[in-house]
Amino acid sequence: MQSPEILLAALLNGVMTGAIYALIAVGLTLVYGVLHIINFAHGAILTAAMFAVYVLHAAWGVDPYLALLPLTVCFFVLGYAVQRLIIGPASHGDDGNILLITLGLAIIIENALLAVFRSDTRSIDVAYAFSVVEVGGLFLSLPRVLAVAVVLAVVVLLWLFLARSRTGAAIRAVAKEKMGAELCGIDVARIYAVTFGLGAACLAVAASLLMPTYLVNPRVGNAFVLVAFTIVVLGGMGSIPGALLGGLVIGVVESFSGLFMGESLGQIGIFLIFILVLLVRPTGLFGAKA
Amino acid sequence: MSKASAYGSVLALGAALGALPLATESNVLLNFLIFLLIVAVAATGWNLLGGYGGQFSFGHAAFFGTGAYGMAILQERAGLNAWAALPIAIALGAAVGRVIGVLAFRARLRGSYFALVTLAFAEVLRILANVLPMTGGAAGILIRLRIDPWHFQFADRRVFYWVALGFLVGALLLVRAMERCRFGAWLVAVRENEDAACALGVDTVAVKVAAITLSAAITAAAGCLYAQKFLYLDAAIAYGPWISVEALLAPVIGGAGTVFGPVLGALVLLGLGELTKAWIGTLTGGAVPGVDLVLFGVLLILCVAFAPRGILGLLSRLRFGLRWARS
């Protein structure tokens, strides 16, 4: 048995990793909730965002936290355009087609990054990467504490946007009843694009928060996206609170299984949860219907 | 289509492809063609489940890898003869398919859920193969070089080509036979409208489980061929996403739900892939990884947008259009 300090540290580490997982999963679940598609390009877009942070830092010395806001805007526009110009027109409204198109996008993005940056793993060097803050005798990594704070802020903002703004109301309407929303004069194609843009924007935030302590290579998004799928399935497809809680649970599970079983087998724990949830309760903990 | 022409067209394709090595002695070309055949067999497996049954798997690597590792482990660890290992490895692949099928289809997973769960199974197997001592872990596993037809290794590449072609023709004949029997009709009914098929008395779960088992067996056979051709495996090769992607892309681009779609798709994909790699290579003076896959992704999106039934669908529409214009 491990000492209580180590267990507590593992728990907190898990929560901090889980916060970023949760943010990635929120983007995925939002898109699922509204468009009713699984965006297989989610991981590749995350990789692209991480490379964007890396390039900004490597070429112009832009701090990842400074890059956060402009990149979020850029990725929103990018996501909007991808849905509006590629996924929407090419899918002819068929779900199976959307599945294939997002898979195609994932292949394109991932391999274009591979062609440009090759398979080397890169990271950025910032002065505060190893800074720590002391909380009640425990030393926590400063960038990761910051990440938790930013994730919370983003989720609150997103929730306010969905709950209070007119566009947010339109998004909720389309998610509930697409045909009815269309009859009320809501431009469904635009709402789809806005939602996809929001999903991509979440990834830009996540990338800016990850890069100070993480590394990037063209395949890095895959690791995150399978975790994000698990979280989304666990929390219930389309449920934002579910994604938040699911993210924290998976972060902690990963941290503990890494502690007890070692890194490589730790991943299996996540996949097994994923398969089990899909098979036993595909609606997840919070989902209303499959 | 009459019975003779249904099976005759497959045999004619086989004969035409079989004559190819007589025209060339180029090792580069033969290696390419053998790889093409392996991908075409794997894609034919995917097509049975995805093209005819409408169940899009993103994890056919699970079957390919099980066939390949089965072949390697049975020979190297259990000391079996290659030809004896072959049916066992194929059966192992089919068993993995059956287990995934029973679990996923009993749980009534459809569409993107099914795609996700197949992907997850392939990843679990990949991670396991990367750590277990039986599979050689991260170092991979080598099949001893014993060039002897008795050990399924041939001095002449052309012989291996003909053996691989035999696998492809066998797989295509199987798909053709399935297409023409009652089971094939049930499977297509499940694809077109599962609820209606169920209402008409089709046991949809049993049909889908049978389809994934057969599909997995064919793709596992492709894995066996791969193992014997390259004699080396590691987790990223056998269970890697590349084969899941290529097994899916070839039928979708060639024409899913048609016998020849996967073969045409594999030819177009790999042919264009090699050409782009060579072209970019001469432009930049070195190999650039990933460019062929970028092209595959673009092709996939273009196909979904403009040729939903693949190249074969496009061709038949074109022919129909011409006939209509003439009359």
Side-chain angles (χ1 to χ4, degrees), chain A residues 32 36-41 44 86-87 89-92 94-119 218-219 222-223 225-226 229-230 232-233 237 262 264-268 270-276 278-282 290, chain B residues 50 54-56 58 100 102-104 106-128 130-131 137-138 191 236 241-242 244-245 248-249 252-253 256 280 284 287-306 308:
Chain A
Y32 183 85
H36 302 286
I37 56 154
I38 289 175
N39 176 16
F40 272 94
I86 301 175
I87 302 178
S91 66
H92 312 294
D94 180 87
D95 286 357
N97 286 344
I98 300 180
L99 202 66
L100 293 176
I101 291 171
T102 57
L103 178 72
L105 284 173
I107 298 172
I108 294 173
I109 298 171
E110 192 178 287
N111 289 289
L113 290 171
L114 180 67
V116 176
F117 294 99
R118 304 303 162 92
S119 51
R219 311 231 178 269
N222 290 337
V225 85
L226 274 162
F229 281 142
T230 314
V232 167
V233 167
M237 295 273 203
S264 53
L265 278 174
Q267 272 189 308
I268 286 198
I270 296 178
F271 288 118
L272 291 182
I273 293 183
F274 178 55
I275 293 171
L276 267 179
L278 266 182
L279 296 178
V280 178
R281 190 172 159 78
Chain B
Q55 312 299 313
F56 288 7
F58 281 14
I100 296 178
V102 166
L103 289 173
R106 284 252 176 89
R108 272 179 263 136
L109 297 184
R110 290 187 193 179
S112 27
Y113 286 91
F114 177 70
L116 272 179
V117 90
T118 49
L119 182 71
F121 272 110
E123 281 295 295
V124 167
L125 289 173
R126 187 179 63 78
I127 296 171
L128 283 178
N130 207 27
V131 280
R191 175 187 73 197
W242 71 275
S244 296
V245 166
L248 172 153
L249 281 180
V252 170
I253 287 173
I280 298 278
T284 59
V288 179
V291 277
D292 49 337
L293 284 161
V294 172
L295 181 80
F296 293 0
V298 174
L299 273 179
L300 173 64
I301 295 178
L302 287 178
C303 253
V304 173
F306 301 112

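By convention in this document, chain letters (A, B, ...) are assigned in the order of the sequence lines, proteins followed by strands, and residues within each chain are numbered from 1.
The parts of B:F121 that come within reach of chain A are both its backbone and its side chain, each placing non-hydrogen atoms under 4.5 angstrom from that chain. In this structure, chain B has heavy atoms under 4.5 Å from both the backbone and the side chain of A:L105. Interface remark: B:I280 contributes no atoms to any contact with chain A (heavy atom separation under 4.5 Å). Heavy atoms of B:L119 lying under 4.5 Å from chain A belong exclusively to its side chain.
Between chain B and the options A:I108, A:L113, A:I109, heavy-atom pairs under 4.5 Å are most frequent for A:I108. Contacts with chain A were tallied for B:P289, B:G54, B:A120; B:P289 has the most, counting heavy-atom pairs under 4.5 Å.
Considering A:I86, A:I98, A:I37 in turn, A:I98 is the only one that fulfils the side chain to side chain contact (heavy atoms under 4.5 Å, CB included) rule with A:S91.
Atom CG in B:L300 sits 6.0 Å away from atom CD1 in B:I253 (nearest 0.5 Å).
Contact check for A:N111 versus B:F296: no side-chain heavy atoms found under the 4.5 Å cut-off. Looking at A:T102 and A:I87, their side chains come closer than 4.5 Å, going by heavy atoms from C-beta outward.
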Could you give me the CA-CA distance, side-chain angles and deciding distance for A:F40 and A:F229, then say whether ring-ring contact (aromatic ring centres under 6.0 Å, His included) is met? CA-CA 9 Å; A:F40 272 94; A:F229 281 142; 5.3 Å; yes
